[in-house]
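Just so you know, these numbers come straight off a predicted model, no measurement behind them. Convention: sequence-line order gives letters A, B, ...; per-chain numbering from 1.
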2 protein chains.
Amino acid sequence: MDSPLVPFGSPPTERADAARNREVLLCTARAMIAELGADHVTMDGLAERAGLGKGTVFRRFGTRAGIFRALLDAEEQRFQCQVLSGPPPLGPGGDPVDRLIAYGRARTRFLLERHDIARAAFERKGPVPPAVGPNFSRPHIRMLLGQAALGLPDPDTLSLQLASALEGPALLFLVADQPPGGQPPGGQPAGCGENDLGTLLADGWQTLVERIARR
Amino acid sequence: MDSPLVPFGSPPTERADAARNREVLLCTARAMIAELGADHVTMDGLAERAGLGKGTVFRRFGTRAGIFRALLDAEEQRFQCQVLSGPPPLGPGGDPVDRLIAYGRARTRFLLERHDIARAAFERKGPVPPAVGPNFSRPHIRMLLGQAALGLPDPDTLSLQLASALEGPALLFLVADQPPGGQPPGGQPAGCGENDLGTLLADGWQTLVERIARR
DNA sequence: GACGTAAACGGACTTTACCCCGTTTCTCTC
DNA sequence: GAGAGAAACGGGGTAAAGTCCGTTTACGTC
């Protein structure tokens with residue numbers, strides 16, 4: 001006896017109320033982040049404001065970081081699309097080194113704009129943070145490094161270190177430094193000052209890549 | 001009336017019992033880390049085992065991460081000595097590029113050996129983690145980059161990114177992955193497997209620096 | 001449309017970092 | 001050695017993450 005109809009959805013398919021609640025929670029979380037700042041969002045607060053039990057929130061996302069991961073994932077989807085099937089130099093088709101540079105520029109911007117969420121997506125103890133950090137960057141860099149056919153002895157390790165150079169500054173060594181005594185809530189997304197930290201990091205990345213690719 | 005005797009110690013000098021308790025706490029912390037693993041050390045547990053009040057622990061170190069920072073600081077002292085006044089190639093006097101390579105190798109090793117403590121030294125919300133991350137590496141790299149007189153457009157940003165490439169893998173993208181179901185406590189310090197991750201990272205760093213310095 | 005099952009829900013409970021403030025102890029001066 | 005003042009101590013209290021388990025609800029079957 002084989003199952004008569006299983007339209008799509010690889011795992012056992014999610015129940016309707018579960019899916020709806022996931023959406024509600026995601027939306028509520030987005031609203032609360034915009035309103036209070038990412039690190040003033042608590043699980044109790046989120047549950048209450050969403051009109052759901054705390055158990056539900058944890059069932060859905062596992063941990064606090066899980067919510068931010070989910071949020072990031074959704075946005076990352078679009079970013080990855082541009083990288084995987086958009087026009088060059090970011091998308092496929094161009095010179096690998098140019099793609100590497102374009103990728104770093106785009107990624108830097110992406111991370112800075114979502115800096116607080118990305119930081120909140122880290123687990124404090126768990127083994128690895130899936131879907132954050134170099135989990136996307138590293139293999140992509142690895143691939144481009146391979147295509148560029150520079151004579152690198154160990155592209156696997158190199159790609160880890162380059163991913164770290166790219167994402168580290170935004171993810172951990174940077175901070176949404178509100179001016180001492182400033183107001184914690186709303187405001188612009190951070191990392192968008194007129195000093196243009198984004199430009200500095202993007203240019204730095206380009207220098208790095210050009211030097212490494214130089215023959 | 002000027003103060004009659006103030007032997008040394010720039011700030012108002014620490015009270016004797018405070019200093020003693022600091023030592024007790026540090027020792028107890030070291031013991032507990034060795035015994036339980038860094039992230040099974042709780043503030044209550046530490047206070048109790050040290051025979052002190054919880055309030056004392058927090059007064060001394062501010063936050064949980066503060067304890068691990070203090071522990072790391074103590075060891076870092078010796079490391080910094082070697083870098084600042086030891087023999088070349090690590091210490092001063094040699095070719096800046098060689099020093100850069102030697103520094104990265106030594107630092108990689110240092111971090112991998114203390115990987116769990118270094119991770120625990122991160123604050124979960126506070127602005128920056130003083131005395132962890134590139135707070136030492138970055139300026140040192142910056143200096144060597146300057147001495148090497150490569151024609152880099154923005155050594156300040158570059159040094160941040162290189163510090164991130166150096167410390168990131170050990171600090172956040174790596175995990176003391178005990179084999180699934182393995183015992184959490186004792187054992188060797190992690191990062192010392194025979195696959196020699198340390199060697200891979202050190203070699204990767206060297207490649208990176210050599211490529212950047214190549215003229 | 002009633003039924004059975006598995007999944008989802010909810011909120012009380014536990015754990016842990018961190019705060020507060022009355023009490024104790026050190027240290028300096030006379 | 002006694003007294004004053006400041007620093008350190010202690011532990012109960014709060015907030016927030018994460019767990020557990022009895023109850024409810026969706027969905028497929030008859």
Round to the nearest Å and state the distance from B/N21 atom CG to C/dT24 atom P.
-> 17 Å
Is the NZ or CZ atom of B/R64 positioned over B/F61's six-membered ring, under 6.0 angstrom from the centre and within 45° of the axis?
-> no
Starting at CG of B/L52 and ending at P of C/dT23, how long is that distance when rounded to a whole Å?
-> 21 Å
What is the distance from CG of B/L25 to P of D/dA8, rounded to the nearest Å?
-> 13 Å
Atom pair distance, as rounded to whole Å: NZ in B/K54 and C1' in D/dT14 = 10 Å
Which nucleotide in the set D/dC9, D/dA17, C/dA17 lies at the smallest distance from any side-chain heavy atom of B/M43?
-> C/dA17
How close or far is atom P of D/dA6 from atom CD of B/E14, stated in whole angstroms?
-> 19 Å
Over how many whole Å does the gap from A/F61 atom CZ to C/dC9 atom P extend?
-> 11 Å
N-O pairing of B/R105 and B/D203 below 4.0 Å = yes
Result for 5'-nearest mapping on DNA chain D, choosing between A/D17 and A/D44, is A/D44
When you measure from the side chain of B/R142 to the backbone N and O of B/L158, does any donor-acceptor pair fall under 3.5 Å?
-> no
Would you classify B/R64 as touching base, sugar-phosphate or nothing, given that sugar-phosphate means primed atoms plus P, OP1 and OP2, and contacts are heavy atoms under 4.0 Å?
-> sugar-phosphate
Starting from the 5' end of DNA chain C, give me the residue, B/R20 or B/G62, whose nearest nucleotide shows up first.
-> B/G62
Is any N or O donor-acceptor pair between the side chain of A/R15 and the base of C/dA8 shorter than 3.5 Å?
-> no
Whole-Å distance separating the CZ atom of B/R22 from the P atom of D/dC9 | 10 Å
Can we say A/E35 and A/R49 salt-bridge, meaning some charged N sits less than 4.0 Å from an Asp/Glu carboxylate O?
-> yes
Which of D/dA26, C/dA17, D/dC9 is nearest the side chain of B/T56? It is D/dC9
Could you check how far CZ of B/R59 sits from C1' of C/dC19, rounded to whole Å?
-> 12 Å
Main-chain N/O of B/L90 paired with B/R99 side-chain donor or acceptor, under 3.5 Å | yes
